[in-house]
Amino acid sequence: MAIDVLYFAWVRESIGTGAERVEVPDTVTSVAGLIDWLAVRSEGHATAFVDRDRLRAAVDQVFVSLDTPIAGAREVAIFPPVTGG
Amino acid sequence: MAIDVLYFAWVRESIGTGAERVEVPDTVTSVAGLIDWLAVRSEGHATAFVDRDRLRAAVDQVFVSLDTPIAGAREVAIFPPVTGG
Amino acid sequence: MIRVVVQDAPIDIAAEHAAAEAPDVGAVATFTGLVRGDDGVTELALEHYPGATERALENLCHEAVDRWSLAGATIVHRVGPMVPGDRVVFVATTARHRGAALDACAFLIDRLKTGVPFWKRERRGGDARWVEARAGDDAAAARWN
Amino acid sequence: MIRVVVQDAPIDIAAEHAAAEAPDVGAVATFTGLVRGDDGVTELALEHYPGATERALENLCHEAVDRWSLAGATIVHRVGPMVPGDRVVFVATTARHRGAALDACAFLIDRLKTGVPFWKRERRGGDARWVEARAGDDAAAARWN
């Protein structure tokens with residue numbers, strides 16, 4: 001399953017890119033599972049994902065909790081808590 | 001005691017003037033007493049003052065209740081409930 | 001900084017807003033009241049009590065600044081004849097953070113409606129009448145006591 | 001009327017305010033967030049999630065319009081680098097009466113702070129850091145649930 005993964009703020013800086021397209025195996029079924037799977041890709045990924053409490057996510061541009069399934073998702077974004085306004 | 005009495009909105013229109021200087025006898029001691037005393041000056045005064053629940057007052061530019069003493073007052077204003085904003 | 005103005009001229013929101021902004025201000029809350037034309041009103045005339053009105057507005061602003069530690073409070077109120085769409089009143093509050101600015105802005109307009117000597121007269125074509133005070137306004141003002 | 005804009009350009013309050021005013025509107029409430037320079041910040045940079053940000057802002061505006069029967073809701077949010085005194089965000093709500101406009105304006109800024117994908121990075125001279133989310137913002141947003 002091909003998924004566009006987007007990163008923002010310090011997650012983006014740690015990983016070193018704002019977007020990557022990944023082929024995700026069927027064993028990865030949730031946002032949390034995707035994060036586990038991505039974490040081993042590089043030291044930057046591992047550093048960005050070390051504290052799951054500081055991560056938020058959106059699936060196809062809708063905010064979701066990390067236990068949300070990703071079946072059929074085209075775009076998953078992973079980022080810190082928002083600080084706009 | 002000389003007092004400048006000011007009228008606003010429909011009180012002013014009913015009385016036909018926005019201000020008058022009156023010599024008030026010592027027997028008149030409160031705003032309510034002043035209104036009683038003014039009410040007999042003309043038909044306009046009587047009409048303006050017929051319903052005391054619809055009247056508000058200020059003594060020397062400070063909002064007060066109608067039972068407030070007027071000893072030493074230089075300016076008393078009588079008007080309807082306010083409707084600004 | 002407290003700024004209170006009662007004026008015949010139209011209210012210039014851009015100028016008033018810019019004047020309220022300051023280096024230690026993170027939040028600006030404003031309220032603007034407009035003449036509504038949707039119920040047939042063709043003119044709204046505002047009468048006030050010169051001197052007492054300004055004093056009451058200044059007292060309100062001081063109360064808000066003290067209560068919410070504001071950086072500033074502005075009230076600009078128009079008087080005289082107006083038409084639908086015209087701005088009747090502009091309130092702005094500034095503070096380091098938003099909660100104070102938002103609460104103080106609501107406080108100022110609620111208390112202005114019941115405690116400052118202004119009176120409105122509406123004209124609908126040839127028919128004019130003084131606007132009656134609303135019990136809802138008293139309730140809104142009382143929640144700040 | 002709902003208006004949502006995410007832009008690099010400075011926010012023009014006069015134009016946005018005038019655009020929000022309408023014949024059936026009696027009340028306009030606004031909130032403006034500014035970059036504060038009083039704690040040594042020399043630059044504030046705003047990052048966002050293009051597409052998702054606009055969608056989240058539009059959803060917020062629709063929720064406010066439905067909940068308070070607003071005539072309109074406007075959110076203009078700036079992104080990119082800013083300096084102290086610059087306007088970061090402008091929120092305006094319009095309604096027939098003030099209570100709805102004031103409450104909806106507070107709702108929009110409270111919920112925007114916690115539910116819309118923007119991230120702030122502060123620079124103090126040579127030192128830059130991402131701003132941490134504040135627990136107080138979550139509490140402020142939760143009071144509207």
Output the donor-acceptor atom pairs between chain B and chain C under 3.5 Å, with atom names and distances to 0.1 Å.
residue: B:A9; atom: N; partner: C:E47; partner atom: OE2; Å: 2.9
residue: B:R12; atom: NE; partner: C:E47; partner atom: OE1; Å: 3.4
residue: B:R12; atom: NE; partner: C:E47; partner atom: OE2; Å: 3.0
residue: B:R12; atom: NH2; partner: C:E47; partner atom: OE1; Å: 2.5
residue: B:E13; atom: OE1; partner: C:W130; partner atom: NE1; Å: 2.8
residue: B:E13; atom: OE2; partner: C:R121; partner atom: NH1; Å: 2.3
residue: B:R54; atom: NH2; partner: C:E132; partner atom: OE2; Å: 2.9
residue: B:Q61; atom: OE1; partner: C:A52; partner atom: N; Å: 3.2
residue: B:E75; atom: OE2; partner: C:Y49; partner atom: OH; Å: 2.4
residue: B:P80; atom: O; partner: C:W119; partner atom: NE1; Å: 2.9
residue: B:T83; atom: N; partner: C:F118; partner atom: O; Å: 2.8
residue: B:T83; atom: OG1; partner: C:K120; partner atom: N; Å: 2.9
residue: B:G85; atom: N; partner: C:H77; partner atom: NE2; Å: 3.0
residue: B:G85; atom: O; partner: C:K120; partner atom: NZ; Å: 2.7

Quiz item: Where do B:V82 and C:A133 come nearest, in terms of heavy atoms and distance?
Solution: O-CB, 4.0 Å
Quiz item: Which pair of non-hydrogen atoms, one from C:P50 and one from B:F8, has the smallest distance, and what is that distance?
Solution: CD-CE2, 4.3 Å
Self-check item: Proximity breakdown for B:A58 and chain C, heavy-atom pairs closer than 4.5 Å
Solution: side chain
Quiz prompt | C:V88, part contacting chain B, at a heavy-atom distance under 4.5 Å | solution = side chain
Quiz prompt | Positions in residues 24-44 of chain B that reach chain C, provided some heavy atom is under 4.5 Å away | solution = none
